[in-house]
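Note sheet for the following structure.
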Amino acid sequence: MKDRCFLLGLDIGSSQSKGVLTDLSGVILASSALEHETREVQPGYYEHDAEQVWIHDCRGLIADLKAKARITADQIAAVCVSAIGPCVLPVGETGRPLCRAILYGIDTRACEEIREMNAQYGEEAIFRRCGNALSTQAAGPKIAWLRKNREDVFRQARWFMTATSYVVFRLTGEVFMDHYTACAGYTPLYDYASQQWDEEMCENLGCRGRLPALRWTAQAPAAVTAGAAGEFGLAEGTRVCVGTCDAAAEAVSAGVVDRGETMLMLGSTAFIISVLDRPSVDRRLWAAPYLFPGTCCLLGGMGSAGSLTGWFLRELSKQTPAEAKASGVSPYTILSRKAECVPPGCDRLLALPYFCGERTPLNDPKARGVFFGLTHSHTEGHLYRALLEAVAFGIRDNLEAMEQSGCEIRSCHTVGGGAQNPLWMQIISDVTGCRQAVNEVTIGASYGDAFLAGLGCGRIRDRSAIRSWIRQKSEIVPDREHRQTYDRLFPVFRELYHTLHDLMQTY
């Protein structure tokens, strides 16, 4: 053991942080997870305390992983961090946060700033330069919101960082952001064609010289400092990768690294990445360089997915935990059993999953959740299955937009907590018509981070080596009969949103 070296992957999610230690062949020595809170401080305002969530969790995960694996800090060759993104964290000259971090697309506080920026700079001009339209996912309007509403914080900020940038900064003293995060998340500040910060736009928004240096994800341009070594329990000089957003690291964990490969992450939200070998843009989606030079991707993201099942269990199925305890199974297993008794289409009950607004392809922060077609004959199982089907319809909406923009979606590599729900997985394949591959290792982004750490420190030489790390556990094949039912319902799903759109904007 003393002569072996190991790779550390850390991932900070919306409600949970995870860590993993692997050897150079992908064998897992230890894994760990910590729960934390995402605060909705007022409707549409979602925040994390960077110190109490991001830094606290990283310290705790590292300590737990080393103890479980029974290794010393000097046996860790490299570290890679991923995190929810894009976030906006103003950091002062002392290197400490000036306020809580504003989170990604679920935070809708900057809608007015989006309208103002579109009016001032032109929607089409922003899209042509950035490859992305402004949405609640974009960090630029949130920086503008700080300038308008928290002038003291904006004035004192030396840096505007995302979550990964801040953790890497605390480890190394250096401030970086990967191209993927910058392009996909920091619109309108990143120029897609030149793959650089747009200095003129940065000047206009008052953040020129206050954004991280751009690098590729798997580069490891910095190392753990002496101070950070003591704080985090790592060895001074350990290489640290630039890192990336959680969804991209999760795609790597599933083996999605080259053209035509697509990842569906089914967690609290849903996220889709499809890799291309040339740039492609679509106003309904997000575009970005991928994690490696010469690769690009199209991205889709839903505002709600697994969070809907949690909401349902908490608010509408309060007897289920007692039933689960009596049966010795998970509450979600009980709900799935009830939903399995309901036919596809839920006896004409249809739901819209837009409980947090919707990201792609609608890009509508004012979209809202709906149950449509309720009758006295509908049961708890109907309602629960309707939510599972609603998320599947939203996934299909994104996949169709991607295919129309040139993506080859031969299959989906599905990851995240939702991949452990067989009923939901079958519904998604039936609705979309896609085969889904599920791997044996489903730890997620932190596993992809460990692989990226190996690339960054040079112990792994080529990204194709990820294929030797993964083994497929199962494949979900669409049911043709069910697909026909969902093909009839999908246009109704779309029309229901469009029919209610104007009312949602004003209600």
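Computed over heavy atoms, backbone and side chain alike; hydrogens, waters and symmetry mates excluded. Note that the numbering runs from 1 along the sequence shown for the chain.
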Report yes if the side chains of R109 and Y46 come closer than 4.5 Å at any heavy-atom pair, otherwise no. no
For C183 and C130, the nearest pair of non-hydrogen atoms, with its separation, is SG-O, 3.7 Å
Short side-chain to backbone donor-acceptor contact, Q420 and G417, under 3.5 Å: no
I'd like to know if R463 pairs up with D258 as an ion pair, taking the criterion as any Lys NZ or Arg NE/NH1/NH2 lying under 4.0 Å from an Asp or Glu carboxylate oxygen. yes
Residues E200 and R129 bridged, charged N to O under 4.0 Å: no
So, S307 side chain and S268 main chain: donor-acceptor pair closer than 3.5 Å or not? yes
Measuring only between side-chain heavy atoms, which start at C-beta, is N421 closer than 4.5 Å to T309? no
salt_bridge(R283, E123) N-O dist < 4.0 Å: yes
Taking the six-membered ring for Trp, is the centroid-to-centroid distance between H36 and H48 below 6.0 Å? yes
Side-chain donor-acceptor pair present, D364, Y497, cut-off under 3.5 Å: yes
Please confirm whether the backbone N or O of G303 pairs with a side-chain atom of T269, one donor and one acceptor, at under 3.5 Å? no
Inspect the contact between E51 and R170 and indicate whether a charged nitrogen and a carboxylate oxygen are less than 4.0 angstrom apart. yes
Which pair of heavy atoms, one from L298 and one from S280, lies closest together, and at what distance? CD2-O, 3.2 Å
Should the pair R210 and F154 be classed as cation-pi, given the thresholds of under 6.0 Å to the six-membered ring centre and 45° from the axis? yes
Any donor-acceptor pair under 3.5 Å linking the side-chain atoms of S14 with those of Y104? yes
Any chance the side chains of E250 and S253 put a donor and an acceptor closer than 3.5 Å? no
Measure the shortest side-chain to side-chain distance between V275 and V257 over non-hydrogen atoms and say whether it is less than 4.5 angstrom. no
Under 6.0 Å between ring centres, would you say that holds for W469 and Y447? yes
Got F292 and T217 here, is their nearest side-chain heavy-atom distance under 4.5 Å? no
Heavy-atom donor-acceptor pair, T162 side chain to C87 backbone, under 3.5 Å: yes
Give a yes or no answer on whether the side chain of S165 reaches the backbone of F176 with a donor-acceptor pair at less than 3.5 Å. yes
Closer than 3.5 angstrom, by distance alone: can the side chain of R59 be matched with the main-chain N or O of F232 as a donor-acceptor pair? no
Return the CD to OG distance between E37 and S15, rounded to the nearest 0.5 Å. 11.0 Å
Are the side chain of K142 and the backbone of L103 linked by a donor-acceptor contact shorter than 3.5 Å? yes
Does a side-chain N-to-carboxylate-O contact under 4.0 Å join E47 and R39? no
Any donor-acceptor N/O pair, E203 side chain to C207 backbone, under 3.5 Å: no
